[in-house]
Engineer: 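Got a structure for you, questions after.
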Protein chains: 2
Amino acid sequence: MRDDHTTGTAQDEVTLGRIETEVALLMRLGEATRRATGTAEHRVLDRAAYVILRHLDSAGPQNVSTLAAKLNLDGSTVTRQVSALQRDGLIARTPDPADGRGTVISPTPAGLQRMAAVQAARTRLYGDILAAWSPDDRETLAELLHRLNDALESRNRRR
Amino acid sequence: MRDDHTTGTAQDEVTLGRIETEVALLMRLGEATRRATGTAEHRVLDRAAYVILRHLDSAGPQNVSTLAAKLNLDGSTVTRQVSALQRDGLIARTPDPADGRGTVISPTPAGLQRMAAVQAARTRLYGDILAAWSPDDRETLAELLHRLNDALESRNRRR
DNA sequence: CCCAGATAGCTGTATCGTACAGGTAAATCA
DNA sequence: TGATTTACCTGTACGATACAGCTATCTGGG
């Protein structure tokens, strides 16, 4: 990459460009990995379902709109995801006692179990991928990714 | 399922779990950001088109199969992406002089210009998001993401 | 108390990215 | 040269998503 861009210390521009590149690449690779890994056996839980179950697990039962807002998804999308999850017995819908329009979505034991299995498989996968890394580097990666996500999230919220 | 995995220290398991979580989150946020950012003005170039143009830019003109292999995509997918790019004047197809079955895909000036614009916008976005970060931290993030991608890629290739 | 608006969720429809199966034409090899 | 492989395209299907429009319910000002 040449120094196309003037502003700020050139070095910083370069670094930002690298980050942009690497994030784009990671998204592509992550998708490919998920596709390759999932197709085989745990086709059981596609990406959307997994994030919904994770969120329900960590944030507790909640209704569709809340879920949609948290996940940055349209309500209709979540409605459909949730329907599929219910069909598969992974979540339950109960009428919201406090609001006749709402339904509260909660994970079923089967759903939690399924989610945990996928999570464990993914964690194992990362263990495999990062086998050669030092604990320190892993720690730093986790930390920086966390901060990156925080930054992305607060920026998304701000607009 | 505690230390199913032996090798190491519970702490390491925890770190792997965090990495798994953060990567999943990043993919979701990245999608959301792209959607939010892109819709407004540079709806000009969706994700798939962008990665294709980037690849053509960095790796030079090449035919559909090569491109598909590099991008971990099915040939038919790339065929269609390329058709759309051609329709929009962003790439050109020329018959492969060395192989009558093949077509060589190359970016047009318009395509490169468009790609550079999107790339610059994204880089600017990261500059914005990471405004509060020290150059050192940015550098480390870029470096670790690069190593993570390398690891993911070689793992994908290996199977 | 009632109605006007807001909100929760669902359904219809559309788009995008992707895969797989099957076709045709060109290349290659035994 | 004929069988096989390769490169690409087309048909079809699916998953994830958005937006628009619908119904049922809630809520706040008269």
Side-chain angles (χ1 to χ4, degrees), chain A residues 24 27-40 42-53 61-88 91-105, chain B residues 24 27-40 42-53 55 61-88 91 93-105:
Chain A
M27 303 213 4
R28 203 160 61 58
L29 282 172
E31 270 303 300
T33 303
R34 185 184 61 78
R35 234 176 285 125
T37 310
T39 307
H42 17 37
R43 155 122 234 100
V44 285
L45 209 57
D46 39 40
R47 179 172 55 118
Y50 179 60
V51 293
I52 288 180
L53 280 171
Q62 55 202 277
N63 55 34
V64 174
S65 337
T66 314
L67 204 47
K70 289 298 177 57
L71 300 177
N72 279 303
L73 292 175
D74 190 85
S76 65
T77 300
V78 175
T79 292
R80 278 177 243 266
Q81 298 288 355
V82 159
S83 301
L85 284 166
Q86 185 181 33
R87 170 180 33 76
D88 298 345
I91 61 95
R93 279 172 158 121
T94 51
D96 187 336
D99 187 336
R101 297 164 297 180
T103 23
V104 176
I105 312 302
Chain B
M27 303 214 1
R28 205 159 59 59
L29 282 172
E31 270 303 300
T33 304
R34 187 184 61 77
R35 236 176 282 125
T37 309
T39 307
H42 17 35
R43 155 120 234 99
V44 285
L45 210 56
D46 38 41
R47 179 173 55 117
Y50 180 60
V51 292
I52 287 179
L53 280 171
H55 193 77
Q62 55 202 277
N63 54 34
V64 175
S65 336
T66 314
L67 204 46
K70 289 297 177 57
L71 300 177
N72 280 303
L73 292 175
D74 190 85
S76 66
T77 300
V78 175
T79 291
R80 279 176 243 267
Q81 298 288 353
V82 159
S83 300
L85 284 165
Q86 185 181 34
R87 171 180 33 77
D88 298 345
I91 61 96
R93 277 171 159 123
T94 51
D96 187 336
D99 187 335
R101 297 164 297 179
T103 23
V104 176
I105 312 301

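Chain naming here is simple, since letters A, B, ... match the order of the sequence lines and numbering starts at 1 in each.
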Engineer: By nearest nucleotide on DNA chain D, pick out whichever of Asn63(B) and Gly100(A) is the more 5' one.
Structural biologist: Asn63(B)
Engineer: CD of Gln81(B) versus C1' of dC9(D): gap in Å, rounded?
Structural biologist: 15 Å
Engineer: Asp99(A) has an atom CG; how far is it from atom C1' of dA24(D), in whole Å?
Structural biologist: 10 Å
Engineer: Can you tell me the distance, in whole Å, between the CG atom of Asp96(B) and the P atom of dT28(C)?
Structural biologist: 11 Å
Engineer: Under 4.0 Å: is that the gap between some side-chain N or O of Thr77(B) and OP1 or OP2 of dA19(C)?
Structural biologist: yes
Engineer: Within this structure, what is the OH-to-P distance between Tyr50(A) and dA16(D), rounded to whole angstrom?
Structural biologist: 15 Å
Engineer: Is the shortest heavy-atom distance from the side chain of Val64(A) to the side chain of Leu67(A) under 4.5 Å?
Structural biologist: no
Engineer: How many whole angstroms separate atom CZ of Arg28(A) from atom P of dC16(C)?
Structural biologist: 21 Å
Engineer: Pick out the pairs of N or O atoms, protein on one side and nucleotides 10-14 of chain C on the other, that lie under 3.5 Å.
Structural biologist:
residue, atom, partner, partner atom, Å
dC10(C), OP1, Arg93(A), NE, 3.3
dC10(C), OP1, Arg93(A), NH2, 3.1
dC10(C), OP2, Thr79(A), OG1, 3.0
dG12(C), N7, Arg80(A), NH2, 3.4
dG12(C), O6, Arg80(A), NH2, 2.2
dT13(C), O4, Arg80(A), NH2, 3.4

Engineer: For Thr94(A), enumerate each residue passing the side chain to side chain donor-acceptor pair (under 3.5 Å) test, keeping only those at least two apart in sequence or located in another chain.
Structural biologist: none
Engineer: Going by the rule side chain to side chain donor-acceptor pair (under 3.5 Å), which residues pair with Arg80(B) if we only count those two or more places apart in sequence or in a different chain?
Structural biologist: none
Engineer: Atom CZ of Arg87(B) and atom C1' of dC9(D): how far apart are they, to the nearest Å?
Structural biologist: 16 Å
Engineer: Holding to salt bridge (Lys or Arg N to Asp or Glu O under 4.0 Å), I want the full list of residues that pass it with Arg93(B), two or more places apart in sequence or in another chain.
Structural biologist: none
Engineer: Would you mind reading off the distance between Leu29(B) atom CG and dT17(D) atom C1', rounded to a whole angstrom?
Structural biologist: 16 Å
Engineer: Can you sort out the partners of Asp96(B) under side chain to side chain donor-acceptor pair (under 3.5 Å), two or more places apart, ordered by chain and number?
Structural biologist: none
Engineer: Please list, pair by pair, any protein nitrogen or oxygen found under 3.5 Å from a nitrogen or oxygen in nucleotides 21-23 of chain D.
Structural biologist:
none

Engineer: Please set out all donor-acceptor pairs under 3.5 angstrom arising from side-chain atoms of residues 70-78 of chain B, sequence neighbours excluded.
Structural biologist:
residue, atom, partner, partner atom, Å
Asp74(B), OD2, Ser76(B), N, 2.9
Asp74(B), OD2, Ser76(B), OG, 2.6

Engineer: Test of understanding: with side chain to side chain donor-acceptor pair (under 3.5 Å), list the residues that count as partners of Arg28(B), not counting sequence neighbours.
Structural biologist: none
Engineer: Would you compute the distance between atom CG of Asn63(A) and atom CG of Asp99(A) and round it to the nearest 0.5 angstrom?
Structural biologist: 7.5 Å
Engineer: Without decimals, in angstroms, what is the distance between Leu67(A) CG and dA8(C) P?
Structural biologist: 13 Å
Engineer: Under the side-chain contact (heavy atoms from CB on, under 4.5 Å) rule, collect the residues that match up with Pro95(A), sequence neighbours excluded.
Structural biologist: none
